[in-house]
Structure formats: C-alpha cells, structure tokens
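Reading through the structure tokens given below for one structure.
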Amino acid sequence: GRAGPPQITQSGVKRARINKLFLSEQARGLPIKEFLRRNAANGISIGNMVMGMASILCSLNGQHYLACWLVFIGYLLDLADGAVARRLDACSALGAKLDDFADYTTFGIATSLLLRTPHMVDNVLCMCYGLCVFTRVCFFSSGIPFVYKGLPCTYSSAIVVSASLLSGGNTMVLRTTAVILILFMIHGSRFYPHDRVLESQAWKKAVYAGGVLVVFSSIQSVCCVYYLLWGVSYMLFPVSIWKNGKV
C-alpha cells in the first residue's frame, strides 16, 4: 500500500523553528545593512559638520588650539566621505547636499573664525573668507573630467589652520595667508584636479594615513608642517603632483 505521511519528530520541529527564527532575523537584518550602506558616507559628512560646529564653539570660547585641531579632523573626514560613497555605490543628491553643508560649516565658518580678532580689518577679512568659501561651495566644478574652479576650500583651510598654529596666531601672517588663499579660491580660470586621495595611487593613500597619524600623535609642530606642505603642494602643483592616476 501507499506509505503514510512522514512523521514529524520533536527534534525536527525544533530545527524548523530555529531555521524560521534565523531566517526572520536575517530578513530583519537586510534593511539595516542596506540603510548602513546607503548612509555610511552621509554619517562621515555629518561627522565633518560636527567637527566644524565644535570648532566654532571652541573659537567663541577662546580655545584656539582645540578649534584648529577639530578642523584638521574635519579635513580628513571630508577626504573620506566621497571615497566611501563611491566604494559602496551610495552616491545621492542628499549626500551631495550634506557634504556642501559640512564643508561650509568646517572650512567656511569655523576656519574664518580663526582669523577673527577685535580689529575691524580682521572681522571684515573673516567675513570675506566665509563668503569666498560659500561661493566656492556653490560653484566649484566644471566640465568632464571633473575639476575644481579655484583652490578647494578643504586645502585652503588646512593652510590657514597650519599657519595659525605655527605663527602663534600672528595677525600679519594670518592676514597675508588669508588674502592669498582668497585670491586662489576665487580664481575661476585656475583649475584643480579632483585628487581622490583614497582612490588613487598608493603614495596618496600613504599621505592620508600619515595625516591621520600626525593628528592623533598630538605633536603640534609636526602636524602643522605636514598639513601645510600637503595643502601648499596641492595649491601650487595641482597637476604635476596631484593629478589622478590609477590605483
């Protein structure tokens, strides 16, 4: 005769429940993983913005050294967010807006406050620098392949912070540095390559790793010289040194 229905043992029932629980947990985990993938770069941009906001508060409270150090960290985060977005295939209009807001907060407002003194000249220069960065953030790209019009505010900020710390906040040094950088940033006919430090040659990745090390080493003179050379090399030799290359 025909065989009867298979008997379901108690161990089989337990195994089925475990499998169902595991699969349901896995199903619940997928949206979380997808959310993290889509927003990893946005989280880095928000981290950059937080560094900028904290730097602003430190400047207003007279904590000049800490304000500068927070801008350095924002600099590293800014170079990482685009690389992470492209690596995870998570580029979006929201991410681009967050990046712009973060850049203006850290490299516009926070950096310009480092130029502020009780003198009217410095306050005007502070506002001019902030407006210049605002213009750069609004009109920064041109054509294909992607290039920057004028010096990117990220590198300009690194130079300002380094000069401020190395000179001990000397007003003449900062005024001269800020004026030169403003001219380089608004020079619309001067183009800079999109360097993609973390997606290019191995030596560029090593430069980035060195930037991380010197920031967290907390050795002020070494860190400032490192970032000053990094920023100035990009400002003066953008194509010969920093033009994109294959990984």
Side-chain angles (χ1 to χ4, degrees), residues 26 28-56 68-111 133 136-149 151-159 161 192-217 223 226-227 230-231 233-234 238 241-247:
Q26 208 173 36
R28 282 198 292 269
L30 283 175
I32 296 174
K33 289 180 180 178
E34 181 63 14
F35 175 82
L36 292 175
R37 183 188 72 81
R38 289 177 177 272
N39 291 282
N42 293 343
I44 295 174
S45 294
I46 291 172
N48 179 15
M49 188 182 296
V50 169
M51 292 300 105
M53 294 170 68
S55 177
I56 291 168
C68 291
W69 224 254
L70 290 167
V71 173
F72 277 144
I73 297 174
Y75 173 96
L76 294 171
L77 293 174
D78 181 62
L79 293 181
D81 60 5
V84 170
R86 288 183 289 271
R87 178 73 176 177
L88 299 178
D89 190 24
C91 298
S92 65
L94 173 61
K97 288 181 179 179
L98 278 175
D99 187 47
D100 287 346
F101 288 137
D103 285 355
Y104 185 63
T105 301
T106 305
F107 311 123
I109 301 174
T111 302
V133 172
R136 284 282 299 105
V137 169
C138 292
F139 311 102
F140 68 94
S141 63
S142 174
I144 298 173
F146 184 97
V147 294
Y148 295 104
K149 273 186 177 179
L151 179 67
C153 55
T154 309
Y155 292 97
S156 176
S157 184
I159 295 171
V161 173
Y192 290 84
H194 190 194
D195 52 308
R196 294 192 178 188
V197 172
L198 293 177
E199 301 165 89
S200 191
Q201 299 101 312
W203 71 265
K204 291 184 182 179
K205 297 174 185 178
V207 169
Y208 184 90
V212 175
L213 289 175
V214 295
V215 161
F216 290 100
S217 71
C223 184
Y226 191 93
Y227 279 88
W230 191 351
S233 68
Y234 184 85
I241 295 180
W242 293 98
K243 188 176 180 181
N244 291 334
K246 293 183 180 179
V247 178

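- Side-chain atoms of Tyr226 come within 3.5 Å of backbone atoms of Val207 as a donor-acceptor pair (strictly under, hydrogens ignored).
- Met53 meets the side-chain contact (heavy atoms from CB on, under 4.5 Å) test with Met49, Thr105; sequence neighbours excluded.
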Let me check something: any side-chain donor-acceptor pairs from residues 70-81 under 3.5 Å, sequence neighbours excluded? List them with distances.
unit_1: Asp78; atom_1: OD2; unit_2: Thr154; atom_2: OG1; d: 2.9
unit_1: Asp81; atom_1: OD2; unit_2: Ser45; atom_2: OG; d: 3.0

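- At a threshold of 4.5 Å between non-hydrogen side-chain atoms, the residues Asn48 and Ile44 do not count as touching.
- Remark: side-chain polar atoms of Ser217 are paired, donor with acceptor, to backbone N or O of Val214 under 3.5 angstrom.
- At most 12 non-hydrogen atoms from other residues, nucleotides or ligands lie less than 6.0 angstrom from CZ of Arg87.
- Between the side chain of Arg196 and the backbone N or O of Ala83 there is no donor-acceptor pair closer than 3.5 Å.
- Here the CD-NE2 distance, from Glu199 to His194, works out to 7.5 Å after rounding to the nearest 0.5 Å.
- Side-chain atoms of Arg136 come within 3.5 Å of backbone N or O of Lys149 as a donor-acceptor pair.
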Would you check, one step at a time, whether the test side-chain contact (heavy atoms from CB on, under 4.5 Å) holds for Tyr192 with Tyr155?
-> CA-CA 11 Å; Tyr192 290 84; Tyr155 292 97; over 6 Å; no
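- More than 12 non-hydrogen atoms from other residues, nucleotides or ligands lie less than 6.0 angstrom from OH of Tyr208.
- Using a 4.5 Å heavy-atom threshold, the side chains of Pro152 and Tyr234 count as touching.
- Using bins of under 30°, 30° to 60° and over 60° for the plane-to-plane angle, the ring pair Trp203/Trp242 lands in the tilted bin.
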